[in-house]
Amino acid sequence: MDETQDQDYSSSLPEVSLSRDDSVRSYSNAQINRGTGMSGLKKRGHGSRSWIKIGNDGNFETVRLDKATIMRNCSLPSRDLRLLDPMFIYPSAILGREKAIVVNLEQIRCIITADEVILMNSLDGSVGQYRSELCSRLKNEKADDLPFEIRALELALELTCTSLDAQVNELEMEIYPVLDELASSISTLNLERVRRFKGHLLALTQRVQKVRDEIEHLMDDDGDMAEMCLTEKKRRSDTYTINDCFQTNVSGRVISKSAPASPERTTSGVQMLQRAFSSIGNSSKHGSSMVSSDNGERIEPLEMLLEAYFVVIDNTLNTLLSLKEYIDDTEDFINIKLGNIQNQLIQFELLLTAATLVAAVFTAVAGVFGMNFETTVFDYPSGFNLVLVITGIACIALYFALLFYFRYKKVLAA
């Protein structure tokens, strides 16, 4: 309707512009463009996306749904759907709601209800694998005692843990040879490769840690696990609805029958109502006392499922931590090796300094006696040579004396 009005208004602009100036015309065009832009923005914000609906019979279909339809049918707030938005990157999360379970595990983003799975359509291989595997299990394993939502959640956890474990094994196979090569030969290329692998390792550790924390949080909270038993909640809701209708019909019949009767029969009808309400109150008290035991029975399959995958993801996390420790040990070994090389260079520099000192002494003596001054040494033909020999022997003795002193002080290795 707004677009029709905008088109009608824009079509009538030339007639109005005949009687107005250019400023009014430009202002009107700006208003129209701004309105069109806002409407386009609203359409993009509330646009529909492609989803895959998988029923409990194993059949699936691809549909286009908008957020409002999903929120209305699944009773979900908008912040839960924001977790499934592919435009944003959110950590892994499993949220139990009144009528649905919101699952965001790596590339698997779906909404699980008691009757169907609404899976976000994507070109990622995990989405296609989840769809095909879930349909196959629902068609071939109809005798499974687990509820539909637990089977769908189990497959999501299985694929996520398997994918993360495969990535960890691949990283482990790639990084160990690089670390061994770096330990034997320190080079810029090997250091750059290890730095890149370490960044990948830290990112993968955060993802695995988040999935582990999410499973552990669900295991620690019985209320959240009870919220995820959608089939049982739906069955109880239907039972309560039938009981309420039956009690309403019974109370209506008692009142209608007691209306034309005598006062004695009216009194008996009131007593019957009181007994009916008292029985309802007693049953509600008995039901509240059995809530904890019923919750324990309901969440037991889900709890066992979460414990199994908690062990798997914890083992994956331990592998990453051991790999990180191996990298740290390699870095410590490299630092020790570099420190040893640096110490050897310092020792070599010390020897050169001592040799330079000795050479400077010899050069100073030779320079002094090479000057043109009168002394008795020059009265002998070999006097200057004798001075050089004595000076050389003294310098060599000084050099070895310095070496002995450095070794005595443990500055140089013995």
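Values in this document were obtained by computation on a predicted structure and should not be read as measured data. Positions are given from 1, in the same order as the sequence printed here.
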Seminar exercise, completed: Of all heavy-atom pairs linking Ile54 and Phe148, the shortest is O-CZ, 4.0 Å
Exercise. Does the side chain of Asn104 come within less than 4.5 Å of Ser92's, by heavy atoms?
Worked result: no
Seminar exercise, completed: Hits for ring pair (Phe, Tyr, Trp, His ring centres under 6.0 Å) against Phe348, two or more places apart or cross-chain, chain-then-number order -> none
Problem set entry | Trace of the side chain to side chain contact (heavy atoms under 4.5 Å, CB included) decision for Lys67 with Ser78 | CA-CA 8 Å; Lys67 290 185 178 180; Ser78 59; over 6 Å; no
Exercise. Could you state the interatomic distance from CZ (Arg195) to CG (Leu182), rounded to the nearest 0.5 Å?
Worked result: 13.5 Å
Problem set entry | Phe400 atom CZ, neighbour heavy-atom count above 12 within 6.0 Å | no
Problem set entry | Chi angles and distances behind the side chain to side chain contact (heavy atoms under 4.5 Å, CB included) call for Val102, Ile94 | CA-CA 6 Å; Val102 181; Ile94 302 175; over 6 Å; no
Exercise. Does the side chain of Asn340 reach to within under 4.5 Å of the side chain of Ile336, using non-hydrogen atoms?
Worked result: no
Exercise. Taking atom CZ of Phe60 as the centre, does the number of heavy atoms from other residues, nucleotides or ligands within less than 6.0 Å exceed 12?
Worked result: no
Exercise. For the atom pair CG (Asn121) and SG (Cys110), what is the distance rounded to the nearest 0.5 Å?
Worked result: 13.0 Å
Exercise. Does any N or O in the side chain of Ser322 come within less than 3.5 Å of the main-chain N or O of Thr319, such that one atom is a donor and the other an acceptor?
Worked result: yes
For this session: Kindly indicate whether the side chain of Glu227, heavy atoms from C-beta on, has any atom under 4.5 Å from the side chain of Leu95.
Result: no
Exercise. Between Glu149 (side chain) and Thr113 (backbone), is there a donor-acceptor pair under 3.5 Å?
Worked result: no
Problem set entry | Gap separating the CE atom of Met225 from the CG atom of Asp220, nearest 0.5 angstrom | 8.0 Å
Exercise. CG/Leu323 to OG1/Thr205 distance, rounded to the nearest 0.5 angstrom?
Worked result: 8.0 Å
Problem set entry | Identified salt bridge (charged side-chain N to carboxylate O under 4.0 Å, His left out) partner of Glu331 from the options Lys324, Lys337, Lys198 | Lys198
For this session: Give a yes or no on whether the backbone of Phe310 and the side-chain of Asp314 come within a donor-acceptor separation of less than 3.5 Å.
Result: no
For this session: Compare every heavy atom of Ser75 with every heavy atom of Lys99, then report the nearest pair and how far apart it is.
Result: CD-OG, 3.5 Å
Problem set entry | Donor-acceptor contact present, side-chain Arg151 to main-chain Arg137, <3.5 Å | yes
Problem set entry | Nearest heavy-atom neighbours spanning Leu119 and Arg109 | CD1-O, 3.6 Å
Problem set entry | Test item: Arg64 side-chain N/O and Ser48 main-chain N/O as donor-acceptor pair under 3.5 Å | yes
Exercise. Ignoring hydrogens and geometry, is there a side-chain-to-backbone donor-acceptor pair from Asn73 to Thr69 under 3.5 Å?
Worked result: yes
Problem set entry | Test log, rule side chain to side chain contact (heavy atoms under 4.5 Å, CB included), inputs Ile111 and Ile101 | CA-CA 6 Å; Ile111 301 172; Ile101 301 174; over 6 Å; no
Exercise. Is there side-chain contact between Leu403 and Tyr408, with heavy atoms separated by less than 4.5 Å?
Worked result: no
For this session: Evaluate the side-chain hydrogen bond (donor to acceptor under 3.5 Å, both in side chains) criterion for residues Ser122 and Asp124: first the C-alpha distance (whole Å), next the side-chain angles of each, then the deciding distance (0.1 Å), finally the verdict.
Result: CA-CA 5 Å; Ser122 174; Asp124 191 85; 5.7 Å; no
Only distances under 3.5 Å count here; give the side-chain donor-acceptor pairs of residues 355-368 to other protein atoms, sequence neighbours excluded, each with its distance to 0.1 Å.
from	atom 1	to	atom 2	distance (Å)
Thr356	OG1	Leu352	O	2.7
Thr363	OG1	Ala359	O	2.8

Exercise. Crowded around Tyr326 OH? As in, over 12 foreign heavy atoms under 6.0 Å?
Worked result: yes
For this session: Identify whether the distance between the nearest side-chain nitrogen and carboxylate oxygen of Arg49 and Asp85 falls below 4.0 Å.
Result: yes
Seminar exercise, completed: Exactly one candidate in Leu164, Asn318, Leu157, Thr160 meets side chain to side chain contact (heavy atoms under 4.5 Å, CB included) with Ile313; the answer is Leu164
Problem set entry | Student check: side-chain heavy atoms of Leu76 and Glu98 closer than 4.5 Å | no
Problem set entry | Residues which pass side-chain contact (heavy atoms from CB on, under 4.5 Å) with Val63, listed by chain and number, not counting sequence neighbours | Trp51, Lys53, Glu61, Leu65
Exercise. Any sub-3.5 Å donor-acceptor pair from Asp221's side-chain atoms to His217's backbone N or O?
Worked result: no
Exercise. Distance-only, no hydrogens or angles: does the Asn190 side chain make a donor-acceptor pair with backbone N or O of Ser185 under 3.5 Å?
Worked result: yes
Problem set entry | Between Asp213 and Gln209: side-chain donor-acceptor atoms closer than 3.5 Å | yes
Exercise. Are Gln167 and Ser163 close enough that a side-chain donor and a side-chain acceptor fall under 3.5 Å?
Worked result: yes
Problem set entry | Thr316 side-chain N/O to Val312 backbone N/O, donor-acceptor pair under 3.5 Å | yes
Problem set entry | Interatomic distance, Ile299 atom CD1 to Leu305 atom CG [nearest 0.5 angstrom] | 12.5 Å
For this session: With rounding to the nearest 0.5 Å, note down the distance linking CG in Asn59 to CG in Asn56.
Result: 9.5 Å
For this session: Give a yes or no answer on whether the side chain of Ser184 reaches the backbone of Glu181 with a donor-acceptor pair at less than 3.5 Å.
Result: yes
Exercise. Taking all non-hydrogen atoms of both residues, which atom of Ser126 and which atom of Leu159 are closest, and how far apart?
Worked result: O-CD1, 4.3 Å
Exercise. Can you list the steps and then say if Lys210 with Arg207 is a side chain to side chain contact (heavy atoms under 4.5 Å, CB included)?
Worked result: CA-CA 5 Å; Lys210 181 57 181 175; Arg207 291 161 54 192; 5.9 Å; no
Exercise. Is there side-chain contact between Leu302 and Leu153, with heavy atoms separated by less than 4.5 Å?
Worked result: yes
For this session: For Gly55 and Leu138, work out which heavy atoms get closest and say how close.
Result: O-CD1, 3.2 Å
Problem set entry | Side-chain touch Leu204/Leu320, heavy atoms, less than 4.5 angstrom | yes
For this session: May I ask you to check whether Asp165 and Thr162 show a side-chain donor-acceptor distance below 3.5 Å?
Result: no
For this session: Taking all non-hydrogen atoms of both residues into account, name the closest pair between Tyr130 and Leu155 and its distance.
Result: O-CD2, 3.5 Å
Problem set entry | Side chain proximity check, Phe406 to Gln347, heavy atoms < 4.5 angstrom | no
